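Below is one structure; the comments refer to it alone.
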2 protein chains.
Amino acid sequence: MNIGEIAKRAGVSRSTVSYVLSGKRPVSDGTRQKIQRVIDELGYQPNASARALANGRTNTIGLVFPPAGNHYTGMQLDFIGNVVEAAAAKDYDVLLSPSGMDSDRSFQRLLGERRVDGAILMELRLQDDRFDHLDSVGLPAVAIGRTAHPENGWWVGLDHTALAEACVHHLADLGHRTIAFVNRPEQLLRAGYESAHRGLEGFTKAAAERGVTSRTYCCGDDASSGQACLERILHDEPATTALVTLNEAALGGLYRGLAQAGRHVPRDFSVTGVVAGRWAETVTPQLTAADVPAEQMGRLAVDLLVERLDHPEAPARHHLLAPPISLRASTGPAGTG
Amino acid sequence: MNIGEIAKRAGVSRSTVSYVLSGKRPVSDGTRQKIQRVIDELGYQPNASARALANGRTNTIGLVFPPAGNHYTGMQLDFIGNVVEAAAAKDYDVLLSPSGMDSDRSFQRLLGERRVDGAILMELRLQDDRFDHLDSVGLPAVAIGRTAHPENGWWVGLDHTALAEACVHHLADLGHRTIAFVNRPEQLLRAGYESAHRGLEGFTKAAAERGVTSRTYCCGDDASSGQACLERILHDEPATTALVTLNEAALGGLYRGLAQAGRHVPRDFSVTGVVAGRWAETVTPQLTAADVPAEQMGRLAVDLLVERLDHPEAPARHHLLAPPISLRASTGPAGTG
DNA sequence: ACCGATTGTCGAACCGGTTCGCGCAAAGTG
DNA sequence: CACTTTGCGCGAACCGGTTCGACAATCGGT
């Protein structure tokens, strides 16, 4: 079922059908209705590939995310879902591309073969060569996160520095003097993951300002690593009474480690960090945390990208978000011990 | 940068370049190398839309999943990631489509505009009209889950009936006589979600066989619903000493409810169910559960679909999986109270 | 030296849309 | 009534690939 068939049945030329579909030229009421009726009867929809070829746009955006090798966190997954829905609302489809795999074939295909009009990048690194690849083929992109030089880029990011600082201040205000920081895995920190770096930076800075004793740890993205990490924390410094974490996947393990060490949360030990709200509420006690606004970020990223696609020369824009800490049940005053 | 440009620079015709790329006709060593050199220098990759138009295949598969309105569970998200990776390994891209939204525009586009060669359906219902839509446009599909008449379909599914039965037997073997079943939300059950129906069926059957007292509940897909559900369970029948759940998202809430009711797991109360392994390990105590093999299922679904695409007339195949229950720490002998 | 088979390359048509310029007929103007 | 304007629809060209039939050059055999 193609446009030629529609034209034939309606007794008009292919171009006229096209103009009815696009509305880019006026068509008389009579022929329009005649054509429309045929279209409706046959349930005709124009072929996406042909249309993409003809007008140079695929109406598809690429979502570049890290491979599952290192488990997905709930946060990443929330992003994916929300980006897809925001895009669907604007009549864009979303093509998923796991990047960071062996040869990155999928990512290269996405770009080189022009399967997409633009891309949204997740899990940003401070120096992110994916931008270079995108620039070199002239594909617009929007990042979820900031590189080291965010001034003139398109992105929507979380102010991990401020968020980590806020967590330290919150704990210091409660009287905690010895605080640990549980970061993402070391391999990601070394790779330059921006959240890991900026969070660490904020934590370190605020800890120094408040004069609290601090140690920082890297921790694998899973429960058992979290448990092991917590054991190390208490082994290294038994006087630790609180921790801040960016590592959502390890959270369950951290809690378990605390329970096994006989530390009651929040009476003996406070836990806080940066976590998607929905996941913060699944643990007991519910986590006091800066809730990652995944839905808003997904929507904003799509909005920015679509704007950029529609106005190729528009000046760069971005959104830096710093959601407040939601007080729940995992933090409390430092024990008077 | 198109194939004509390559041809011009190499001093050959477009068709010869095409044959070098596809290898569908022999090309002499000399010209092949000449062409290949130009291609490499310019980093040329053929345009995906043009190729799709010409040979009628997009090399893309659609992944149809439910919208996030009712939160994603970890299991669904694991599927998505694993499907994308399995597809990438076979040089297929994955287009995401949230179905079940207002007018399902995205799903319709996927099919009607032939953006994909085939589709993988998640969150199956016993009567799933998405199959009819797919059939009507002649797109092959593979389901993750089974309809009411799975005999001659293509799918990879979990034997929720057997799994729920196994959970009941496990608990009954431990001496539990009063067991609750926590299902997915009522709205999903009414919509005919197959996991909810088959799980319920298996639970009910096994409970009857073993002569245990049972009640079944529907529960929202979030922690607070889980907590509320547990309160109802203990209110309805304080003698309940165990539960089986299919509702991963509610798990944290169920645990919290138990803690607040003063029931210690597993000493006073046993919990088990069907959950993705990774999530079963984040709760404390770690959940004894039938681990959903998300990775294997994602891979199998892609394998089946690709096979179906390559051999359109191949007879239907499917895989019914029934992973064993992984013994962890959330179940124990019924109290002698 | 001639003929048939083989090998390698080319040109043209096609996939299914979009878009531009043109021609024709009806309507508007003096 | 001749002359421009306007409104509609058509045909052709194009987007960037793939594929088929034709043809020239080379090869082996008698």
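Any value given below was found using the heavy atoms of this structure, including those in side chains, with hydrogens, waters and symmetry copies removed. Computed from a prediction, not measured in an experiment: that's the story for all the values here. Letters A, B, ... are given to chains in the order of the sequence lines, protein chains preceding strands, and every chain is numbered from 1.
In terms of phosphate contacts, A/T31 brings a side-chain nitrogen or oxygen within less than 4.0 Å of OP1 or OP2 of D/dG9.
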Contact letters for nucleotides 14-21 of chain C, in which S counts primed atoms plus P, OP1 and OP2 and B counts the base, heavy atoms under 4.0 Å: -BBBBBBB
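Just one residue in the list A/H149, A/H319, A/H318 forms a ring pair (Phe, Tyr, Trp, His ring centres under 6.0 Å) with A/W155, and that residue is A/H318.
Inspection of the A/S28 and A/T31 side chains reveals an N or O donor paired with an N or O acceptor under 3.5 Å.
The list of salt bridge (Lys or Arg N to Asp or Glu O under 4.0 Å) pairs with a residue in residues 125-146 of chain B, not counting sequence neighbours, reads B/R125-B/D128, B/R125-B/D129, B/D128-B/R130, B/R146-B/D159. Under the side chain to side chain donor-acceptor pair (under 3.5 Å) criterion, the residue pairs touching residues 39-48 of chain B are B/Q36-B/D40, with sequence neighbours excluded. Listed by first and then second residue, the side chain to side chain donor-acceptor pair (under 3.5 Å) pairs that reach into residues 304-315 of chain A are A/E307-A/R317, sequence neighbours excluded.
Taking a 6.0 Å sphere around CD of B/E194, one finds it holds more than 12 heavy atoms contributed by other residues, nucleotides or ligands.
Listed by chain and residue number, nothing satisfies the ring-ring contact (aromatic ring centres under 6.0 Å, His included) test with A/H197 (two or more places apart in sequence, or in another chain).
A/R32 places its CZ atom 13 Å from the C1' atom of D/dG7, with the value rounded to the nearest Å.
No side-chain heavy atom of A/R114 sits less than 4.5 Å from a side-chain heavy atom of A/T58.
Between its two ends, the helix from C/dA1-D/dT30 to C/dG30-D/dC1 turns its axis by 50°, counting five pairs per end and rounding to 10 degrees.
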